[in-house]
Amino acid sequence: MSIKIGCFALVDPFSTLDHQLDRIRDWGFTYADVTDTGDGAVLGNHFGFTAVASLDANPFEMKRLFESRGLQITSYCAHADLLDPSAPWRYGTGEIIKAVRAAGAIGVPHVITTEGEPVTAFGQGLSQKEAIFTIAEKLHEPLQVAEDYGVTILLEPHGPITGTIDGTAALLERIDSPALGLNFDTGNSWLAGTDPVEYVRAFGEKIQHVHWKDLGAEWEERRGEIYGCGMATIALGTGVIDIEGSFRALEQAGFDGYSTLEVGGDDAVLGSADYLVSLGATR
């Protein structure tokens, strides 16, 4: 049993996905995720300055792209905006369903999503009860599709509901689906004001994937005010988050799945991998 380390497939800004995968392969990783996704055509891909994976593309081409670098896809990221009103320009139910279908077609077990921080007055004005209802409503059809495709949708702490233990517990109680699990994020849970170790102790059996981030002391003054960040710039074990405690709690919960480094910068990525290996993980 071991926790397996993969890499966030968005390590260099303004670069294409094949460039990202070359970098991950050259660092010696075996696992990576489909990180930045959107539907329709992606102009930045054509002109070579984004790594967005179109959810309308042939997923088998994505699988071949990863396999040509000796990499295995461990998840599709489909981080949504589930608290603001539905609109064609808002990533939500439709995009999550497309991610589920793509993942299911090529045997990827997990699609990771979240509710996000609301940006409209409507979303910001929801009570907790209303917020839980709207998240559950927007995930109802994706979860039906996921169950049929053999995919599990994982909720990540990255918003005002998922960022707390009470909010996550209420969501899990409201949504009764075998296709729903959790993606634990060390940095996002800590930023939301939650103790990451306590999060694992509360939900260990529901956690099926992990995102690793450590953060410096300069983030402490913002703790409890924001609910996530894209990636860290320091190596695991050098910041204020109890990474080792989180790792040990995951072990105690019996977790032996895939995890992803959400870390930027060569030294920070490689230092993070070495730190996790020293705790007992494998690359």
Side-chain angles (χ1 to χ4, degrees), residues 1-10 17 21 24 29-38 53 55 59-60 62-63 65-67 71-80 82 91-116 135 138-159 162 168 171-172 175 177-189 199-200 203-213 228 230-231 246 250 253-262 281-282:
M1 182 179 76
S2 67
I3 296 174
K4 294 170 275 292
I5 311 167
C7 200
F8 197 54
L10 196 61
L17 183 54
L21 299 184
I24 293 167
F29 290 96
T30 305
Y31 310 109
D33 53 14
V34 180
T35 303
D36 194 4
T37 60
L55 297 172
F60 288 91
M62 183 65 60
K63 183 180 181 182
L65 181 65
F66 275 68
E67 287 179 343
L71 297 171
Q72 178 182 337
I73 302 172
T74 58
S75 72
Y76 264 75
C77 288
H79 281 33
L82 302 181
Y91 198 117
T93 296
E95 288 76 17
I96 297 172
I97 289 173
K98 288 182 179 182
V100 166
R101 287 174 171 162
I106 58 176
V108 176
H110 298 136
V111 168
I112 299 171
T113 193
T114 191
E115 85 278 30
I135 294 168
K138 289 175 180 173
L139 288 178
H140 180 79
E141 294 298 342
L143 286 165
Q144 294 289 309
V145 177
E147 191 171 348
D148 287 334
Y149 274 80
V151 172
T152 305
I153 295 175
L154 306 182
L155 283 173
E156 176 177 340
H158 214 313
T162 56
T168 300
L171 261 181
L172 293 175
I175 304 173
S177 171
L180 183 66
L182 298 177
N183 175 79
F184 169 52
D185 188 301
T186 56
N188 292 352
S189 57
Y199 181 98
V200 176
F203 302 118
E205 64 181 12
K206 298 291 289 185
I207 296 171
Q208 298 187 34
H209 196 279
V210 176
H211 286 171
W212 297 106
K213 291 195 283 281
M231 65 169 58
S246 300
L250 286 165
F255 178 80
D256 64 348
Y258 299 108
S259 68
T260 300
L261 295 176
E262 289 195 338
T282 59

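None of these values were measured; they are calculated from a predicted model.
- When each of N188, T113, L182 is paired with E156, the side-chain contact (heavy atoms from CB on, under 4.5 Å) condition holds for N188 and for no other.
- In this structure, F184 and Y199 have parallel ring planes: the angle between them is below the 30° cut-off, well short of the 60° mark.
- Counting heavy atoms of neighbouring residues, nucleotides and ligands inside a 6.0 Å radius, atom CD of E205 does not exceed 12 of them.
- Here CG of L143 is found 5.5 Å from CG of L139. Values are rounded to the nearest 0.5 Å.
- Here OG1 of T74 is found 12.0 Å from CD1 of I5. Values are rounded to the nearest 0.5 Å.
- Counting heavy atoms from C-beta outward, L261 and F8 have side chains that stay 4.5 Å or more apart.
- In plain terms, the two heavy atoms of D185 and P157 that are nearest each other are N-CG, 3.8 Å.
- T186 and S246 form no side-chain donor-acceptor contact under 3.5 Å, judged by distance and modelled atom types alone.
- Between the CG atom of D256 and the CD atom of Q208 there is a distance of 11.0 Å, given to the nearest 0.5 Å.
- I153 contributes atom CD1, which lies 7.5 Å from atom OG of S177 (distance to the nearest 0.5 angstrom).
- Panel note: side chain T37, backbone A53; no donor-acceptor pair is recorded below 3.5 Å.
- Annotation: side chain of I3 is not in contact with side chain of V210 (no heavy-atom distance under 4.5 Å).
- Using cut-offs of 30° and 60° on the angle between ring planes, the pair H79 and H158 is perpendicular.
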CA sep, side-chain torsions, deciding dist, call: L55, Y91, side chain to side chain contact (heavy atoms under 4.5 Å, CB included) | CA-CA 12 Å; L55 297 172; Y91 198 117; 3.5 Å; yes
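- When side chains are defined from C-beta on, T260 does not count as touching I112, because their heavy atoms never get closer than 4.5 Å.
- Using a distance-only test at 3.5 Å, with no hydrogens or angles considered, a donor-acceptor pair links the side chain of E115 to the main chain of T162.
- Between the K63 side chain and the I73 main chain, no donor and acceptor come within less than 3.5 Å of each other.
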Check the pair L180, L172 against side chain to side chain contact (heavy atoms under 4.5 Å, CB included), reporting the backbone distance first and the verdict last.
-> CA-CA 8 Å; L180 183 66; L172 293 175; 3.8 Å; yes
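- Contact between L21 and L65 at its shortest, heavy atoms only, is CD1-CG, 3.7 Å.
- Across every non-hydrogen atom of T114 and L155, the tightest pair is CA-CD2, 4.3 Å.
- A102 and P59 get closest at one heavy-atom pair: O-CB, 3.7 Å.
- Taking the side chain as every heavy atom from C-beta outward, L17 and M62 approach each other to under 4.5 Å.
- Taking all atoms of both residues into account, the shortest heavy-atom contact from A146 to A179 is CB-CB, 4.0 Å.
- With a 4.5 Å cut-off on side-chain heavy atoms, T152 and P109 do not count as touching.
- Put simply, NZ on K213 and OG on S189 are 9.0 Å apart, with the number rounded to the nearest 0.5 Å.
- A donor-acceptor pair under 3.5 Å links the side-chain atoms of S259 to the main chain of K4, judged by distance alone.
- By the 4.5 Å heavy-atom criterion applied to side chains, I106 and F60 are counted as neighbours.
- Here the side chain of K138 pairs a donor or acceptor atom with the backbone of L82 at under 3.5 angstrom.
- Residues D33 and C77 meet the side-chain proximity criterion, which asks for heavy atoms closer than 4.5 Å.
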Might you work through the side chain to side chain contact (heavy atoms under 4.5 Å, CB included) test for F255 and V200, ending with a clear yes or no?
-> CA-CA 10 Å; F255 178 80; V200 176; over 6 Å; no
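- Between the side chain of S75 and the main chain of H110, no donor-acceptor pair closer than 3.5 Å is present.
- Across L71 and F29, no two heavy atoms sit closer than the pair CD2-O, 3.3 Å.
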